[in-house]
Amino acid sequence: MTIERRFDISLIASLALKEKQIQQNYRPIIAVHKWFARRPGTLFRGLLLSEFAADRRLDEAYFSGQDFKGRVVADPFMGGGTPLIEANRVGCDVIGADINPMSAWIVNEEIEHLDHDAYRKASSRLVSHLQEKVGDLYVTDCPTYGDKNVPVKYFLWVKTLPCEKCAHSIDLFPGYLIADDTRHPLNVLACGHCGELNEVADLKKLGRCTHCKSNLQVSGPAHRGRCDCPECGHTNSFPRKKSGPLGHRLFGIEYYNSIRKAEHKGRFFKKPDKKDLKRVAEAERQLAALRTKYIPDDDIPAGDETTRLHRWGYDKYADLFNARQLLGLELSCRHIAAVKDQRLKHALATNLSDLLRYQNMLCRYDTMALKSLDIFSVHGFPVGLVQCESNLVGFTNGNGGNVGSGGWTNIIDKYAKAKKYCDAPFEIQHVGSRKVQVPVAGEWIGEQREGSRSRSVTIHCESSADLNLPAGSLDAVFTDPPYFANVQYAELMDFCFTWLRKLVGPNVEGFDRKSTRAVDELTVNATEGRDLAHFTEGLARVYAAMARALKPGAPLAFTYHHNRIEAYQAIGVAILDAGLTCSASLPCPAEMGGSIHIHNTVSSIVDTVFVCRSNGEVRRGHLISSLADLTRVVRDDIGQLRIAGVKVTAGDMRCIIFGHLTRMAVWNLRAKWDASVPTDSKLEKVGRALEALGPYQEIIGSFTSAWAAPIAPPTHNLPPFFMDERDAVAF
């Protein structure tokens with residue numbers, strides 16, 4: 001029983017909060033490949049050290065090397081692999097499973113050793129090959145200074161629609177602002193009449209176009225699926241599913257002129273000229289002349305997320321790319337397929353799969369940050385009216401740094417840094433206003449390394465409920481399970497999988513399937529008919545399998561948050577069906593508040609860490625029997641988070657409350673729980689237990705109404721979590 005005694009909320013919350021702001025700097029390994037909603041590595045490191053480093057305080061152990069030889073840790077929902085990576089790093093043998101083959105592929109790529117020199121040479125050959133084949137399609141002439149063939153960062157496209165009445169091609173601009181004056185000296189607007197790009201100082205005083213003298217506008221003509229034709233005035237509706245995907249017109253370019261960068265203020269923008277349009281046509285000609293082998297011809301199946309694509313006329317995954325992107329990706333695949341070294345081939349194939357999120361016609365251009373937003377910047381398939389095409393090859397500035405995002409050079413650089421981190425992991429320590437990179441001697445990520453003992457790494461692409469793990473074989477289970485209906489992982493990952501499976505073939509585990517989707521996937525999905533009962537039963541089966549494999553009293557700890565109380569009913573049922581008791585619910589920041597899917601919403605950035613065991617102890621002061629008890633405990637948690645620098649929101653507070661209510665529902669129901677009754681009955685029973693202190697809406701309301709009141713310091717100092725042995729209640 002060490003997590004409950006030793007986990008330091010304020011310490012780990014402080015580290016996790018900082019990590020989630022720029023996670024790639026704290027845990028470079030995440031750059032191996034995109035995965036969704038990765039939890040902080042600092043959190044799982046804190047949990048592992050709290051449980052296994054029993055001889056040291058957590059703040060002392062955190063920045064020193066660890067080697068927990070002989071400890072076996074499992075993650076039944078490994079996703080992007082964070083808990084497994086952290087456990088492997090501190091010397092544990094690890095077992096991971098996920099029903100999604102992309103998860104298994106990514107985690108293997110994260111852990112498997114890479115020859116850095118060989119990778120650098122192989123990736124350099126790929127970039128040189130692409131530069132030779134398609135590099136001239138990613139240059140432009142600088143109209144400001146007259147320089148020729150300077151590299152393009154981004155091509156900007158607007159969706160077009162033929163008028164139903166007169167057949168005129170309509171530009172579906174929702175607005176004409178290309179870039180605001182946050183990171184550029186002036187605001188950049190496209191003229192709605194001639195398309196020229198204009199720079200203006202004040203958006204309230206736009207003036208006239210410098211080219212055609214028409215009045216400039218910020219607002220465009222396309223709104224809420226309707227747009228008036230500028231020729232005949234007819235009001236057209238869009239999208240038009242039966243007509244297929246809408247067309248696109250290249251209307252703007254952001255380029256980079258290294259020669260003039262020092263003397264030029266701001267970025268370089270231009271309206272495409274005849275040579276730029278000729279390059280577009282040349283890409284189309286070259287693609288048409290190829291007998292393609294790797295461009296997927298897969299249909300996009302219906303789904304909660306993919307149905308949006310169908311509404312916009314996209315029927316096949318190849319429809320989501322333009323000709324220049326398809327040409328570059330096909331040539332990339334051909335080069336990678338010819339690489340003889342299997343490890344290097346897989347590394348470059350992983351790079352291509354990750355590159356796809358920037359090389360498609362669903363990417364958008366951030367008018368403030370002035371960069372491409374990849375397709376997964378929100379956890380769905382956003383179909384906008386203005387698209388951003390990144391330079392596929394990529395390029396660097398005079399100092400060797402990548403310019404822009406979404407090109408091969410950028411992806412390769414991030415992957416190389418990720419794999420170097422495996423050989424020499426570090427932590428970031430904040431000393432005053434400085435960030436200090438602290439090497440952690442003796443730790444590394446992988447199965448084996450010269451001069452070090454080997455570790456067991458077992459990765460399964462299957463449902464964890466079907467794993468045949470010996471009873472009493474696990475020292476801990478740490479995981480981040482699916483969050484009810486939050487992200488349709490398989491629907492999104494199919495976007496990459498359709499390409500990757502064609503490149504690496506069907507012999508990889510799970511790659512004999514046409515899709516990453518599976519019947520047993522634990523998401524609520526209306527299209528597949530998966531409801532709350534399905535989610536609950538699947539989660540309970542997995543937790544029961546893990547509980548059987550755990551040593552007596554060993555922890556099953558998992559992160560969770562949700563806005564809806566029903567999602568916590570499922571959690572309660574799963575814990576109880578597994579024969580476990582929840583001994584602690586600990587808050588920790590796990591999301592970035594500035595994320596597009598979080599910012600300005602009621603969502604929480606704080607997870608609850610549920611710690612569950614078959615037997616152990618719970619803190620007496622956390623056995624809640626009244627609203628006053630709940631208030632005291634929640635205010636303690638908020639106090640610890642505020643010490644860590646977390647600006648606790650009403651959404652965060654709601655999730656903290658839901659965590660404690662769930663913990664107590666499990667505690668109160670465990671003695672007479674019958675796992676054999678129907679799922680709906682069990683959900684109803686947990687639902688009633690969650691409202692033991694009153695309707696949760698009233699509880700949330702009582703906290704919200706007192707939100708303006710100052711939060712007192714915590715009533716106890718952590719660590720340790722338990723004040724003394726007399727405060728512990730055994731179960």
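All values reported here derive from a predicted model rather than from experimental measurement. What you see below is based on every heavy atom in this structure, not just the backbone, and it leaves out hydrogens, waters and symmetry mates.
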Test of understanding: with side chain to side chain donor-acceptor pair (under 3.5 Å), list the residues that count as partners of [X], not counting sequence neighbours.
X	answer
Q569	none
E566	R564
S14	K18
S64	R56, Q66

Excluding sequence neighbours, so at least two apart, what forms ring-ring contact (aromatic ring centres under 6.0 Å, His included) with [X]?
X	answer
F68	F52
H660	H622
F478	none
Y696	F658

Non-hydrogen side-chain atoms of R654 and T649 separated by less than 4.5 Å
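SC-SC contact between R654 and T649 ruled out.
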Scan residues 545-559 for pairs that pass side chain to side chain donor-acceptor pair (under 3.5 Å), counting only residues two or more places apart or in two chains.
D475-K551, D480-T559, Y483-T559
Side chain of R45, backbone of Y62: donor and acceptor closer than 3.5 Å?
yes
State whether the side chain of T516 and the backbone N or O of A490 hold a donor-acceptor pair below 3.5 Å, judged by distance alone.
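Present.
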If you look only at pairs with a residue in residues 684-696, which of them pass as a salt bridge (Lys or Arg N to Asp or Glu O under 4.0 Å), with sequence neighbours excluded?
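Those involving residues 684-696 are E684-R688.
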Can you measure from CD (E110) to CD1 (I445) and round to the nearest 0.5 angstrom?
8.5 Å
Among all residues two or more places apart in sequence or in another chain, which pass the salt bridge (charged side-chain N to carboxylate O under 4.0 Å, His left out) test with R308?
E305
Can you sort out the partners of D607 under salt bridge (charged side-chain N to carboxylate O under 4.0 Å, His left out), two or more places apart, ordered by chain and number?
R39
Whether the D629 and T631 side chains hold a donor-acceptor pair (N or O, under 3.5 Å, no angle test) is what I'd like checked.
no
For the residue pair R663 / Y568, report whether a side-chain donor-acceptor contact shorter than 3.5 Å exists.
no
